[in-house]
Undergrad: 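Right, I'll just put the structure down here and ask away after.
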Amino acid sequence: MRGKRLFIATFLIPPLLLYAIFVVSPYAQAFQISATNWGGLAPDFDFVGLANFRRLIGDGTFWNALRHNAILLALLPVATIVLGLFLASMISVGGRTDRAGVHGVRGAGLYRIVYFFPQVLSVAIVGVLWKEMYAPNSGLINGALRAVGLDALAQPWLGDPRFSFWCLAVVLLWSNVGFYVVLFSAAMQSIPRDIYEAALLDGAGRGATLFRVTVPLVWDSIQVAWVYLAILAIDAFAVAQIVTNGGPGYSSDVVGLRLYKTAFNESQFGYASAIGVAMFFLTLSVAAVFLRVTRRERVEL
């Protein structure tokens with residue numbers, strides 16, 4: 001018994017203390033600051049209670065940013081998971097069936113590296129690369145359109161309010177789908193090939209095999225992906241700041257960027273903390289809902 005207590009004291013208490021100091025404590029301070037009018041630099045501030053949250057309810061720019069996050073929440077997880085499942089299934093079991101059994105397409109290893117490559121790049125590099133690709137005169141996208149005679153389709157992508165948000169969504173999709181291709185591919189590798197061979201012998205096509213065999217057997221990975229992508233859709237701060245900075249106007253603004261600008265550009269740390277507290281509860285709620293909605297009986301092999 002004494003040895004057990006010593007083990008707990010030695011290996012569990014110090015990590016818990018570090019977690020409390022560096023994770024829980026900042027969260028608690030954010031709740032405290034959200035009830036003040038602190039400007040971020042001066043030591044003086046006044047407690048304003050729920051005034052920041054009442055202001056939040058009537059803040060049009062906040063609701064505009066939240067609307068963009070809601071659109072990302074509805075589209076980004078679905079698009080990323082569907083595309084990731086399709087590409088992973090092609091890599092893992094999309095090749096021709098021969099005497100050796102079911103296998104992936106030729107060059108599957110190379111495809112896996114190519115799809116995962118964006119994960120090697122930092123968010124800053126991804127943002128700068130795509131910002132240059134969207135450039136109206138020297139960008140790769142408009143250059144490619146002009147090269148094939150589609151000059152009329154060339155647009156000032158990031159400078160047009162009609163396209164800037166959707167350009168941001170494309171960057172988020174491109175930068176994340178490769179990770180989930182590798183994740184789903186690894187999950188599919190654990191599925192016995194006998195199951196796929198039996199499905200093909202029963203006359204199941206590629207689509208039926210994907211949705212009736214593969215998806216149920218890798219559902220745990222899909223559930224994890226869904227939650228992480230939902231959290232990413234609520235955040236999207238780094239890419240939005242680098243690629244569009246919320247513009248033009250507020251056409252591609254997101255809540256994380258609104259929080260940052262409120263704190264560091266407008267020196268309203270109290271109000272920015274209120275936005276952060278709202279994001280905290282929103283993220284917890286969305287994660288709980290997604291876990292609840294995607295919960296299902298686990299299929300045992």
Undergrad: Going by side chain to side chain contact (heavy atoms under 4.5 Å, CB included), name the residues that satisfy it together with Ala30, two or more places apart in sequence or in a different chain.
TA: none
Undergrad: In this structure, would Val177 and Leu110 fall into the same cluster of hydrophobic residues linked by side-chain contacts under 4.5 Å?
TA: no
Undergrad: Count I, L, V, M, F, W, Y as connected when their side-chain heavy atoms are under 4.5 Å apart, and connections chain through other members. Are Ile113 and Phe116 then in the same cluster?
TA: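 In one cluster with Ile113: Phe116, no.
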Undergrad: Check whether any side-chain heavy atom of Val286 sits under 4.5 Å from a side-chain heavy atom of Val227, and report yes or no.
TA: no
Undergrad: Should we count OH of Tyr111 as having more than 12 external heavy atoms under 6.0 Å?
TA: no
Undergrad: Test Val224 against Asp220 for side chain to side chain contact (heavy atoms under 4.5 Å, CB included), laying out the working first.
TA: CA-CA 6 Å; Val224 171; Asp220 287 348; 5.8 Å; no
Undergrad: Backbone N or O of Ile125 within a donor-acceptor pair of the Trp130 side chain at under 3.5 Å?
TA: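 No, the answer is negative, given that no donor and acceptor are paired below the 3.5 Å cut-off.
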Undergrad: Working to the nearest 0.5 Å, report the span between CG of Leu168 and CD of Gln241.
TA: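 One gets 12.0 Å once the value is rounded to the nearest 0.5 Å.
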Undergrad: Would you mind reporting whether Ile71 and Trp166 have side-chain heavy atoms less than 4.5 Å apart?
TA: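 In contact.
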Undergrad: Starting from Leu173, can I reach Val114 by hopping between I/L/V/M/F/W/Y residues whose side chains sit under 4.5 Å apart?
TA: no
Undergrad: What is the minimum heavy-atom distance between Ala236 and Leu72, and which atoms define it?
TA: CB-CD1, 4.1 Å
Undergrad: Parallel, tilted or perpendicular: which fits the ring planes of Phe290 and Trp226, with parallel below 30° and perpendicular above 60°?
TA: tilted
Undergrad: Decide side chain to side chain contact (heavy atoms under 4.5 Å, CB included) for Met188 and Leu85; before the verdict, give the C-alpha distance in whole Å, the side-chain angles of both, and the deciding distance to 0.1 Å.
TA: CA-CA 10 Å; Met188 291 176 191; Leu85 281 172; 4.0 Å; yes
Undergrad: Please determine whether the number of non-hydrogen atoms from other residues, nucleotides or ligands lying under 6.0 Å from atom CH2 of Trp174 exceeds 12.
TA: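 Enclosed: over 12 neighbouring heavy atoms sit under 6.0 Å from CH2 of Trp174.
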Undergrad: Are the ring centres of Tyr27 and Tyr19 closer than 6.0 Å?
TA: no
Undergrad: Describe, in one word, how the ring planes of Phe45 and Trp38 are oriented to each other, choosing from parallel (under 30°), tilted (30 to 60°) and perpendicular (over 60°).
TA: perpendicular
Undergrad: How far does CG of Leu284 sit from CD1 of Ile234, to the nearest 0.5 angstrom?
TA: 9.5 Å
Undergrad: Side chains of Arg55 and Asn52: do they bring a donor and an acceptor to under 3.5 Å?
TA: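 Distance-only check fails for Arg55 and Asn52.
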Undergrad: Using 0.5 Å steps for rounding, measure from the CD atom of Gln155 to the SG atom of Cys167.
TA: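 Interatomic distance, Gln155 CD to Cys167 SG, rounded to 0.5 Å: 9.5 Å.
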Undergrad: Looking at the rings of Phe264 and Phe269, which for Trp means the six-membered one, are their centres under 6.0 Å apart?
TA: yes
Undergrad: Would you check if there is a donor-acceptor pair between the side chains of Thr214 and Ser89 at a distance under 3.5 Å?
TA: no
Undergrad: Could you tell me which non-hydrogen atom of Pro248 sits nearest to which non-hydrogen atom of Ser251, and how far apart they are?
TA: O-OG, 2.8 Å
Undergrad: What's the separation between atom CZ in Arg258 and atom CG in Asp59, rounded to the nearest 0.5 Å?
TA: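 The CZ atom of Arg258 sits 7.5 Å away from the CG atom of Asp59.
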Undergrad: Are Ile81 and Tyr228 joined in one hydrophobic group, where the rule is that I, L, V, M, F, W and Y side chains link up if heavy atoms are under 4.5 Å apart?
TA: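 Per the 4.5 Å side-chain linkage, Ile81 and Tyr228 are co-clustered.
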Undergrad: With the side chain counted from C-beta on, respond yes when Phe86 and Val181 share a heavy-atom pair under 4.5 Å apart, and no when they do not.
TA: no
Undergrad: Are Ser273 and Ser34 linked by a side-chain donor-acceptor pair shorter than 3.5 Å?
TA: no
Undergrad: Could you point out which residue of Asn142, Val170, Thr244 forms a side-chain contact (heavy atoms from CB on, under 4.5 Å) with Tyr134?
TA: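 Of all the options given, the one that passes is Val170.
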Undergrad: Under 4.5 Å between side-chain heavy atoms, hopping through other hydrophobics if needed: is there a path connecting Val48 to Ile33?
TA: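 Unlinked, Val48 and Ile33 end up in two clusters.
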Undergrad: Could you give me the CA-CA distance, side-chain angles and deciding distance for Tyr260 and Asn265, then say whether side-chain hydrogen bond (donor to acceptor under 3.5 Å, both in side chains) is met?
TA: CA-CA 8 Å; Tyr260 176 84; Asn265 292 0; 5.5 Å; no
Undergrad: Ala225 and Phe184: which non-hydrogen atoms are nearest, and at how many Å?
TA: CB-CZ, 3.8 Å
Undergrad: Heavy atoms only: give me the nearest Ser252-Ser164 pair and the separation to one decimal.
TA: CB-OG, 3.9 Å
Undergrad: Working note: Asp151 + Leu145, criterion side chain to side chain contact (heavy atoms under 4.5 Å, CB included); need CA distance, chi angles, decisive distance, verdict.
TA: CA-CA 6 Å; Asp151 302 57; Leu145 291 173; over 6 Å; no
Undergrad: Find out whether Thr36 and Asp46 are in side-chain contact, i.e. whether some heavy atom of one side chain is under 4.5 Å from a heavy atom of the other.
TA: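 They are not in side-chain contact.
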Undergrad: Just do the side chain to side chain contact (heavy atoms under 4.5 Å, CB included) check on Thr262 and Phe62 with the steps written out, would you?
TA: CA-CA 10 Å; Thr262 300; Phe62 169 77; over 6 Å; no
Undergrad: Could you check whether Ser25 and Gln29, counting side-chain N and O atoms only, form a donor-acceptor pair closer than 3.5 Å?
TA: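 Yes, Ser25 and Gln29 have a side-chain donor paired with an acceptor closer than 3.5 Å.
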Undergrad: Using a side-chain heavy atom cutoff under 4.5 Å and only I, L, V, M, F, W and Y, what cluster partners does Leu18 have?
TA: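 Members other than Leu18 - counting any ILVMFWY side chain reachable under 4.5 Å - are Ile21, Phe22.
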Undergrad: For Pro118 versus Val126, what's the shortest heavy-atom pair and its separation?
TA: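 Scanning both residues completely, I find the closest heavy atoms to be O-CG2, 4.2 Å.
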Undergrad: Take atom CZ in Phe53; do more than 12 heavy atoms of anything else shown fall under 6.0 Å from it?
TA: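 Buried by this count: over 12 neighbours within 6.0 Å.
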Undergrad: Okay, side chain of His68, backbone of Val254: is any donor-acceptor separation there less than 3.5 Å?
TA: no
Undergrad: So how far is it from Asn245 CG to Leu158 CG, rounded to the nearest 0.5 Å?
TA: 11.5 Å
Undergrad: Would you compute the distance between atom OH of Tyr180 and atom CD1 of Ile222 and round it to the nearest 0.5 angstrom?
TA: 12.5 Å
Undergrad: Could you pull out the closest heavy-atom pair between Ser175 and Gln119, with the gap in Å?
TA: O-NE2, 2.6 Å
Undergrad: Other residues, nucleotides and ligands only: do more than 12 of their heavy atoms fall within 6.0 Å of CZ on Arg212?
TA: no
